[in-house]
Undergrad: 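To start, I am sharing the structure in question, which I have written as structure tokens.
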Amino acid sequence: PYINIISDGILSSVKVSESNNGVINKLLNEKDKILWIGTNDYLYSIDKGVKKKYFNNHWSRDSFEKSRKVFSIKDILLDKEDNLVIGESSGLTIFKEGKVVFNSLFDLKFELRVDVVKEIEAGNFLLGTNSGLWQFSKGKFENLGNRNPVFRSRITDIVLLEDSNIFAL
């Protein structure tokens with residue numbers, strides 16, 4: 001897959017992934033400095049024209065078993081603490097300074113397909129998943145569908161408004 005860039009009216013393409021089956025699922029502009037690219041296999045960045053590929057280099061806290069090297073990225077968010085919060089097909093990942101510092105599947109043995117991530121306040125996230133609306137806060141997951149059955153259906157997008165209203169699709 002390629003990223004198409006239009007600069008000063010000129011179109012150019014940058015090859016992102018070498019994978020034959022690679023799919024770009026998400027782009028994130030970090031403070032007009034770094035373009036983060038989430039694919040179905042790896043996380044990439046483009047900084048000052050230089051492309052970099054990131055592996056899922058996480059080690060589980062309670063074992064020495066190394067995690068898988070690939071990501072399966074559905075969404076990327078830059079949180080209030082400048083971490084990348086990544087929704088994946090098998091969980092929630094926090095990426096800081098070039099490495100994975102948390103992965104719900106390996107750290108908590110908790111698997112959940114996270115299609116969309118929104119930060120309510122520092123360290124408190126709403127997650128749109130194939131099993132409804134969830135909240136992740138202080139290292140714990142809560143299924144908000146247990147509070148209201150409306151939130152048990154798949155959530156593919158979340159919009160937060162300044163007046164604290166939340167729209168979930």
Side-chain angles (χ1 to χ4, degrees), residues 1-4 13-30 34-47 50-79 81-120 123-137 139-145 151-160 168-169:
Y2 290 81
I3 293 285
N4 295 312
S13 295
V14 175
K15 189 172 187 176
V16 174
S17 173
E18 301 298 322
S19 172
N20 292 333
N21 298 318
V23 175
I24 296 170
N25 292 322
K26 189 67 179 182
L27 299 175
L28 174 73
N29 175 6
E30 182 182 346
I34 300 173
L35 176 65
W36 291 99
I37 305 159
T39 73
N40 62 328
D41 52 9
Y42 297 104
L43 177 66
Y44 297 87
S45 67
I46 297 178
D47 184 8
V50 177
K51 180 181 75 171
K52 186 172 181 181
K53 177 180 180 179
Y54 297 89
F55 294 90
N56 188 340
N57 56 2
H58 188 57
W59 287 83
S60 177
R61 282 186 221 170
D62 48 2
S63 78
F64 292 104
E65 180 182 327
K66 193 166 186 177
S67 73
R68 69 211 190 288
K69 289 189 176 194
V70 298
F71 294 92
S72 183
I73 296 172
K74 304 298 177 195
D75 197 14
I76 306 172
L77 169 93
L78 183 66
D79 75 4
E81 298 171 352
D82 290 333
N83 301 309
L84 291 182
V85 182
I86 302 170
E88 293 190 72
S89 64
S90 61
L92 185 71
T93 295
I94 298 176
F95 186 84
K96 184 175 187 165
E97 298 174 357
K99 65 180 183 176
V100 173
V101 296
F102 171 80
N103 178 275
S104 64
L105 181 61
F106 289 95
D107 290 326
L108 301 177
K109 308 291 186 233
F110 190 80
E111 185 172 3
L112 185 69
R113 179 187 167 119
V114 180
D115 290 318
V116 61
V117 180
K118 295 293 180 189
E119 188 172 27
I120 302 170
N124 189 353
F125 303 94
L126 286 177
L127 310 174
T129 77
N130 61 342
S131 59
L133 187 64
W134 287 70
Q135 186 169 0
F136 179 74
S137 181
K140 294 184 181 181
F141 287 89
E142 179 187 0
N143 183 345
L144 299 180
F151 294 129
R152 290 184 185 151
S153 298
R154 183 175 185 185
I155 304 293
T156 58
D157 201 4
I158 301 169
V159 175
L160 305 175
L169 171 67

Undergrad: Report, as yes or no, whether the 6.0 Å neighbourhood of atom NZ on K52 holds more than 12 heavy atoms from other residues, nucleotides or ligands.
TA: no
Undergrad: How far does CG of L43 sit from CD1 of I86, to the nearest 0.5 angstrom?
TA: 5.0 Å
Undergrad: Which heavy atom in I34 sits nearest to a heavy atom in D47, and how many Å separate them?
TA: CG1-CG, 3.8 Å
Undergrad: Working to the nearest 0.5 angstrom, can you tell me the gap between F95 CZ and L78 CG?
TA: 12.0 Å
Undergrad: Hey, what do you get for CG (D82) to CD (E30), rounding to the nearest 0.5 Å?
TA: 6.5 Å
Undergrad: Set out, in order, the CA-CA distance, both residues' side-chain angles and the distance that settles side-chain contact (heavy atoms from CB on, under 4.5 Å) for L92 and F141, then state yes or no.
TA: CA-CA 10 Å; L92 185 71; F141 287 89; 4.1 Å; yes
Undergrad: Please name the residue in the list D107, N103, N83 that meets the side-chain hydrogen bond (donor to acceptor under 3.5 Å, both in side chains) test with T93.
TA: N103
Undergrad: Hey, mind stepping through E119 and L77 against side-chain contact (heavy atoms from CB on, under 4.5 Å) and telling me if it holds?
TA: CA-CA 8 Å; E119 188 172 27; L77 169 93; 3.8 Å; yes
Undergrad: Yes or no on salt bridge (charged side-chain N to carboxylate O under 4.0 Å, His left out) for K74 and D115, after CA distance, side-chain angles and deciding distance?
TA: CA-CA 5 Å; K74 304 298 177 195; D115 290 318; 5.6 Å; no
Undergrad: What do you reckon, is CG of N29 surrounded by more than 12 foreign heavy atoms closer than 6.0 Å?
TA: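 Yes - once you tally the heavy atoms of other residues, nucleotides and ligands closer than 6.0 Å, there are more than 12.
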Undergrad: For the pair F136 and F102, evaluate ring-ring contact (aromatic ring centres under 6.0 Å, His included) and give the outcome as yes or no after the intermediate values.
TA: CA-CA 13 Å; F136 179 74; F102 171 80; 5.5 Å; yes
Undergrad: For the pair D75 (side chain) and V117 (backbone), establish whether a donor and an acceptor sit closer than 3.5 Å, ignoring hydrogens and angles.
TA: yes
Undergrad: To the nearest 0.5 Å, how far apart are CD1 in I37 and NZ in K53?
TA: 13.0 Å
Undergrad: Quick check for you: to the nearest 0.5 Å, what is the distance between L133 atom CG and K118 atom NZ?
TA: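 These two atoms lie 12.5 Å from each other.
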Undergrad: Consider side-chain contact (heavy atoms from CB on, under 4.5 Å). Of S104, S131, S90, which one does L112 pass it with?
TA: S131
Undergrad: With sequence neighbours left out, write down each residue that passes side-chain contact (heavy atoms from CB on, under 4.5 Å) with L169, or none if nothing qualifies.
TA: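 By the side-chain contact (heavy atoms from CB on, under 4.5 Å) rule, L169 matches T156, D157.
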Undergrad: Are E111 and L105 side-chain neighbours, meaning at least one heavy-atom pair lies under 4.5 Å?
TA: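 In short, these two side chains touch, coming nearer than 4.5 Å.
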Undergrad: Check G132 against I155 and note the closest heavy-atom contact, atom names and distance.
TA: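 Scanning both residues completely, I find the closest heavy atoms to be C-CG1, 3.6 Å.
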Undergrad: How many angstroms lie between atom OG of S45 and atom OH of Y54, to the nearest 0.5 angstrom?
TA: 3.5 Å
Undergrad: I'd like to know whether N40 forms a side chain to side chain donor-acceptor pair (under 3.5 Å) with S72, so could you lay out the CA-CA distance, the side-chain angles of the two residues, the decisive distance to 0.1 Å, and finally the verdict.
TA: CA-CA 4 Å; N40 62 328; S72 183; over 6 Å; no
